[in-house]
Amino acid sequence: MSTPVIAQEVNGIIPAGSKTPTIMPVVVVVPKELAPGEQRVATVPEVVQKLTKSGYEVRIEHDAGTSAYYPDDLFIAAGAKIMSNRADLLKGARIVLRVQPPTVADVDQLAEGTIVIGFMNPTNNLEAITRMCDRKITAFALEFVPRITRAQSMDALSSQATAGGYVAVIMGADSCPKFLPMLTTAAGTIRPATVLILGAGVAGLMAIATAKRLGAIVEAYDVRRAAGEQVRSLGAKFLELEINAEGQGGYARELTPEEKAQEQQMVSTAVARADIVITTAAIPGRKAPLLIPKETVATMRPGAVIVDLAAETGGNCELTQAGKTVREYGVTIIGLQNLPARVPFHSSQMYAKNLQSFLTLLVDKDGALVSEFTDEILVASILVHAGMVRHGPTRDFLSGGKP
Ligand code: NAD
């Protein structure tokens, strides 16, 4: 690929007195993530090296990678420029790569036409979205990248869910008073712990694989029957119910009240015998389904642990408190959020590769920034452009409707 350039017609910049269009490398900037508890960074030195080799100019805010264990000197060695002034960094950006959504204060520093790429969490960031509209910023929301084969390398939801599933098991094991593997020792034989995974999507499958590696007996349940094959292929037992709730696009549909009652009974029995329960059940755009009411928690063994990955969207357990670890009926219930940030080195590495891949959609075969976003992945993930909210549900939500 030739050097990515800003062509005259794209950003309209021609220095005074110049007769020929200015050809400048595209400036990609990476600010330090400032959200509380966020340890990740949107790019890593390995990716910077590839971007600079492709002709981008990469500028990184001082200390942006420190909490993910990518110090400034590694970014410099990879060809990036370190900037200590955040306002100057943002002002000079053509493309901004982020993990968390931009704040209003950051948006106010950006020049018109700047492209911002990252998780946008639109329903919780309406003010920043409105401001991006006002300032004619273009924003791409990685959570809307379609789950099509061509977009797999850009699927940041999956890469971060993988990290979350891993961390959930490690945290569960850390809080559990038992060994996970079976042990045969001179001091007696220890029975393996039972780990139950509710929701066998990307995070759930990673949790199953991790719990298996730690030697636990692993059971899993998902409303999508298709998940059963994947669960069994990881060596875990799939809890079967005579329901098939696979909806459009591989996601789950909502269950009928009768189906919910049957599911509840089977899940409750499995929860009661588990030492660690990892819950990951989600329905996109809706509140998380309630799978563990407090009456079920009361039937669990003392010392059992629930790690609720759905804490952010209301929790799969009734007693989950988002952002907290609580103990009820002798059961530890972990509702901590943003688990991928607890393995920031690798979650940043995976995220950075997702972004590197996404960037290839924004330049044409000559290396110029595309002026029209016609690729289906860009169409699906564009949130704000040219003063308008392009994502229908967010637009409806902004005008008072439901997301
Ligand atoms: P998700 O985070 O939306 O939900 C997690 C899991 O919870 C899902 O498997 C869902 O079926 C399950 N669930 C919902 N309600 C439940 C309930 N009441 N009880 C038990 N489980 C319940 O899902 P995800 O991890 O983002 O993945 C969703 C699907 O998309 C999966 O089939 C996954 O394999 C697929 N996927 C495809 C691609 C691709 O083709 N590129 C990429 C990623 C994921």
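Note that ligands are numbered from 1 as they come in the structure, with each ligand's atoms numbered from 1 the same way. Hydrogens, waters and symmetry mates are skipped; everything else that's a heavy atom, side chains included, is used.
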To which protein heavy atom is [atom] closest, and what is the distance rounded to 0.1 Å?
atom: atom 16 (C) of ligand 1; value: V223 CG2, 3.5 Å
atom: atom 25 (O) of ligand 1; value: V202 N, 2.7 Å
atom: atom 1 (P) of ligand 1; value: A282 CB, 4.0 Å
atom: atom 10 (C) of ligand 1; value: D222 OD2, 3.5 Å
atom: atom 32 (O) of ligand 1; value: R224 NH1, 2.8 Å
atom: atom 19 (N) of ligand 1; value: E263 OE2, 3.1 Å
atom: atom 5 (C) of ligand 1; value: T280 O, 3.3 Å

So which pairs with a foot in residues 292-348 pass ring pair (Phe, Tyr, Trp, His ring centres under 6.0 Å), sequence neighbours left out? Y70-F345
Taking non-hydrogen atoms only, is Q152 closer than 4.0 angstrom to ligand 1 via side chain, backbone, both or neither?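 Contact part for Q152 vs ligand 1: side chain (C-beta onward).
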Backbone, side chain, both or neither: what part of L157 comes under 4.0 angstrom of ligand 1, heavy atoms only? neither
Given side chains that start at C-beta, do those of V384 and I137 come closer than 4.5 Å, heavy atoms only?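 A side-chain contact is absent here, since even the closest heavy-atom pair is not under 4.5 Å.
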Does M120 reach the side chain of I129, with side-chain heavy atoms less than 4.5 Å apart?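 M120 does not reach I129 side chain to side chain.
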Proximal candidate to atom 26 (O) of ligand 1 [heavy atom criterion; set Q264, R147, Q230, R286]: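 The residue whose heavy atom sits nearest atom 26 (O) of ligand 1 is R147.
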Any protein heavy atom under 4.0 Å from atom 35 (C) of ligand 1? no
Any non-hydrogen protein atom below 4.0 Å of atom 43 (C) of ligand 1?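 Within 4.0 Å: yes, protein heavy atom nearby.
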Once rounded to the nearest 0.5 Å, what's the spacing between atom CG of L369 and atom CG of D364? 8.5 Å
How long is the straight-line distance from OH of Y221 back to CG of L198, given to the nearest 0.5 Å?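 The distance works out to 9.0 Å.
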Polar proximity ligand 1 side, L291 side, N/O cut 3.5 Å exclusive: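 No.
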Looking at [X], which atoms of ligand 1 are within less than 4.0 Å of one of its heavy atoms?
X: D155; result: 42 (C), 43 (C)
X: G201; result: 6 (C), 9 (O), 25 (O)
X: Y221; result: 19 (N), 20 (C)

Salt bridge check: are E318 and K294 linked by an N-O gap of less than 4.0 Å?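 The answer is yes: the pair qualifies as a salt bridge.
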Below 4.0 Å from ligand 1: does a non-hydrogen atom of [X] turn up there or not?
X: L198; result: no
X: S158; result: yes
X: A227; result: no

What pairs meet the side-chain hydrogen bond (donor to acceptor under 3.5 Å, both in side chains) rule with one or both residues in residues 170-185, with sequence neighbours excluded? K178-D275
